[in-house]
Amino acid sequence: MVKPYSRPADDEPAWWCVVSSDQILVTEDNDLPFGCLQDMSFPDLNDYTTVFIGELRERSCYLVVADYLDDSFADGSFQSLRALLDTQDLEKFALAGRARQFSDFLSTHRFCGRCGTRMQAVDWELAMHCHQCQHRCYPRVSPCVIVAITRGDRILLAQGKRHKEGMYSILAGFVEAGESLEQALEREVHEEAGITVKNIQYQLSQPWPFPHSLMMGFTAEWAAGDLHIDPHELVTGDWFAFDQLPTIPPHGTIARTLIEKAIGKDSQ
Ligand SMILES: [Zn+2]
C-alpha cells in the first residue's frame with residue numbers, strides 16, 4: 001500500500017519532482033534532479049509537503065510542493081514541463097506530469113468545496129478529506145478525445161489557435177459530462193470540421209498534464225460532409241496528402257503517434 005506522505009531515508013537515492021505552480025525543477029541538462037536527500041541542495045523539507053508518487057527505473061520518486069517563485073532550491077531552475085518533453089524521455093515526462101497534477105490538486109483542495117472546512121490529506125491514498133461533512137476529493141482527470149481522420153490517401157490536419165505558428169495537428173476536444181467517448185468524438189469533429197466520420201477505432205492514450213487531461217486517441221475515416229473549419233477554435237485546416245504533410249507535432253506526443261498510425265508510417 002502506498003504511503004503518500006512519506007520521505008526517503010537521507011541516504012536513499014531518489015528522483016525529485018519539485019513543483020512550483022506550473023513549473024518543475026530541472027537540472028542544467030534538462031533532467032529531473034536525482035540523488036540522496038543528504039547530497040541535495042534542498043531547504044529543510046519539513047517546511048514542504050512531500051509526497052511519494054511512484055517509481056522510475058526502480059527508484060522512488062517524490063513530489064515536493066514548492067512555493068510560487070521559490071528560490072531556495074539550488075539544484076537547477078524551474079522550467080515548464082515541456083522542457084522534459086523535449087528530451088523525448090516519455091517515462092520521465094509522465095512522472096513529472098503526475099507530480100505536477102498532484103501538486104495542483106493539493107494546492108486547490110485545501111478547503112472543502114461543500115462546507116468550507118479545511119481539508120486533511122488522507123494518509124493511505126492520494127486524496128483530501130473533509131472530516132466535517134465526509135466529502136473526499138481525488139486529483140481531477142479531464143478526459144479528452146483526439147482523432148486522426150483520413151479520407152483516402154489524405155489526412156485532416158488543422159491549425160489550432162494555441163498551436164505554435166505553422167504547426168498543424170489533428171482534432172481534439174474535451175468529453176462533456178454524460179457523453180461517451182464516441183459521442184464526444186463525433187460531436188467535436190462535427191463542430192470543428194463540419195463532417196461525420198465512420199470506422200472509429202480506439203488506439204492509445206496519454207496523460208497530458210496541461211493541466212490534467214487524459215488524451216484518448218482514435219483513428220477514423222471521413223464518412224460525409226464538406227469541410228467547414230470552425231473559426232472560433234481553429235485558424236485553418238485541410239486534407240493533406242500523406243506524402244505532403246505540413247509541420248506536425250513532435251515525437252512523444254499522442255498526436256504524432258496517431259498521425260503516423262493513420263498514414264501507415266508507425267511501423268517504420
Ligand atoms: Zn466538508
Side-chain angles (χ1 to χ4, degrees), residues 1-110 119-128 137-142 206-215 250-253:
M1 193 177 288
V2 171
K3 285 266 182 200
Y5 296 90
S6 55
R7 195 90 59 74
D10 280 353
D11 58 353
E12 178 197 339
W15 295 99
W16 296 95
C17 292
V18 184
V19 178
S20 168
S21 184
D22 60 351
Q23 300 197 317
I24 190 160
L25 189 73
V26 295
T27 59
E28 266 176 23
D29 48 353
N30 269 0
D31 205 346
L32 286 179
F34 177 81
C36 304
L37 194 50
Q38 63 193 17
D39 302 328
M40 310 300 289
S41 309
F42 284 175
D44 182 356
L45 290 189
N46 288 318
D47 297 335
Y48 292 83
T49 302
T50 305
V51 186
F52 171 80
I53 55 164
E55 290 189 343
L56 177 67
R57 292 166 206 147
E58 298 180 357
R59 294 296 187 184
S60 299
C61 180
Y62 292 87
L63 158 68
V64 179
V65 183
D67 296 329
Y68 181 59
L69 299 178
D70 195 328
D71 59 2
S72 40
F73 290 85
D75 292 277
S77 59
F78 285 101
Q79 305 282 336
S80 161
L81 268 185
R82 291 177 197 272
L84 288 172
L85 187 60
D86 289 344
T87 65
Q88 303 284 320
D89 188 336
L90 288 186
E91 264 187 301
K92 212 171 275 177
F93 174 70
L95 186 77
R98 188 172 158 85
R100 151 86 207 273
Q101 283 175 257
F102 283 173
S103 164
D104 191 55
F105 167 67
L106 293 170
S107 60
T108 55
H109 288 79
R110 290 179 295 161
M119 295 186 99
Q120 306 289 325
V122 180
D123 65 2
W124 58 273
E125 63 175 356
L126 211 120
M128 296 293 274
C137 295
Y138 296 88
R140 178 153 49 130
V141 175
S142 302
Q206 182 180 33
W208 195 243
F210 303 104
H212 39 63
S213 299
L214 173 61
M215 308 293 285
H251 288 285
T253 60

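Computed from heavy atoms alone, side chains included, the values below leave out hydrogens, waters and symmetry copies. Nothing here was measured: the structure is a model prediction, and the numbers come from that model.
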Nearest-0.5 Å distance, NE2 of residue His212 to CZ of residue Arg140: 3.5 Å
Would you say Trp15's side chain and Leu32's backbone share a donor-acceptor pair under 3.5 angstrom? no
Enumerate the residue pairs fulfilling salt bridge (charged side-chain N to carboxylate O under 4.0 Å, His left out) with a member in residues 88-98, sequence neighbours excluded, ordered by first and then second residue. Asp31-Lys92, Arg57-Asp89, Arg57-Glu91, Asp89-Lys92
Please state whether the rings of Phe210 and Trp208 are parallel, tilted or perpendicular, taking 30° and 60° as the class boundaries. perpendicular
Give, for atom CZ of Arg82 and atom CG of Asn30, the distance between the pair rounded to the nearest 0.5 Å. 14.0 Å
Identify the heavy atoms of Ser60 and Glu12 that sit nearest to each other, and give their distance. OG-OE2, 3.2 Å
What orientation do Tyr62 and Phe52 show, parallel under 30°, tilted 30 to 60°, or perpendicular over 60°? perpendicular
Among pairs that include at least one residue of residues 65-74, which meet side-chain hydrogen bond (donor to acceptor under 3.5 Å, both in side chains), considering only residues two or more places apart or in two chains? Tyr48-Asp70, Tyr48-Ser72, Asp70-Ser72
Determine the minimum heavy-atom distance between Ile53 and Cys17, stating which atoms define it. CD1-SG, 4.3 Å
Side chains of Phe42 and Leu25: closer than 4.5 Å at any heavy-atom pair? yes
For residues Phe105 and Cys137, determine if any side-chain heavy atom of one lies less than 4.5 Å from a side-chain heavy atom of the other. yes
Under a 3.5 Å distance rule, please check whether Gln206 uses its side chain to pair with a backbone N or O of Gly252 as donor and acceptor. yes
Gln38: which residues meet the side-chain contact (heavy atoms from CB on, under 4.5 Å) condition with it, sequence neighbours left out? Asp10, Asp11, Cys36
Donor-acceptor contact below 3.5 Å, side chain Arg100 vs main chain Pro209: yes
Rounded to the nearest 0.5 Å, the CG atom of Leu45 sits from the OG1 atom of Thr50 at a distance of 4.5 Å
dist His109:NE2 -> Met128:CE (nearest 0.5 Å) comes out at 8.5 Å
Given side-chain contact (heavy atoms from CB on, under 4.5 Å), test Phe102 with Val65 step by step and report yes or no. CA-CA 9 Å; Phe102 283 173; Val65 183; over 6 Å; no
If I take atom CG from residue Leu84 and atom CG from residue Leu90, how far apart are they, to the nearest 0.5 angstrom? 10.5 Å
State yes or no: are the ring centers of Trp16 and Phe73 separated by less than 6.0 Å? no
Would you check if the side chain of Ser107 reaches a backbone N or O of Ser103 as a donor-acceptor pair within less than 3.5 Å? yes
Separation of Leu126 CG from Leu106 CG (nearest 0.5 Å): 6.0 Å
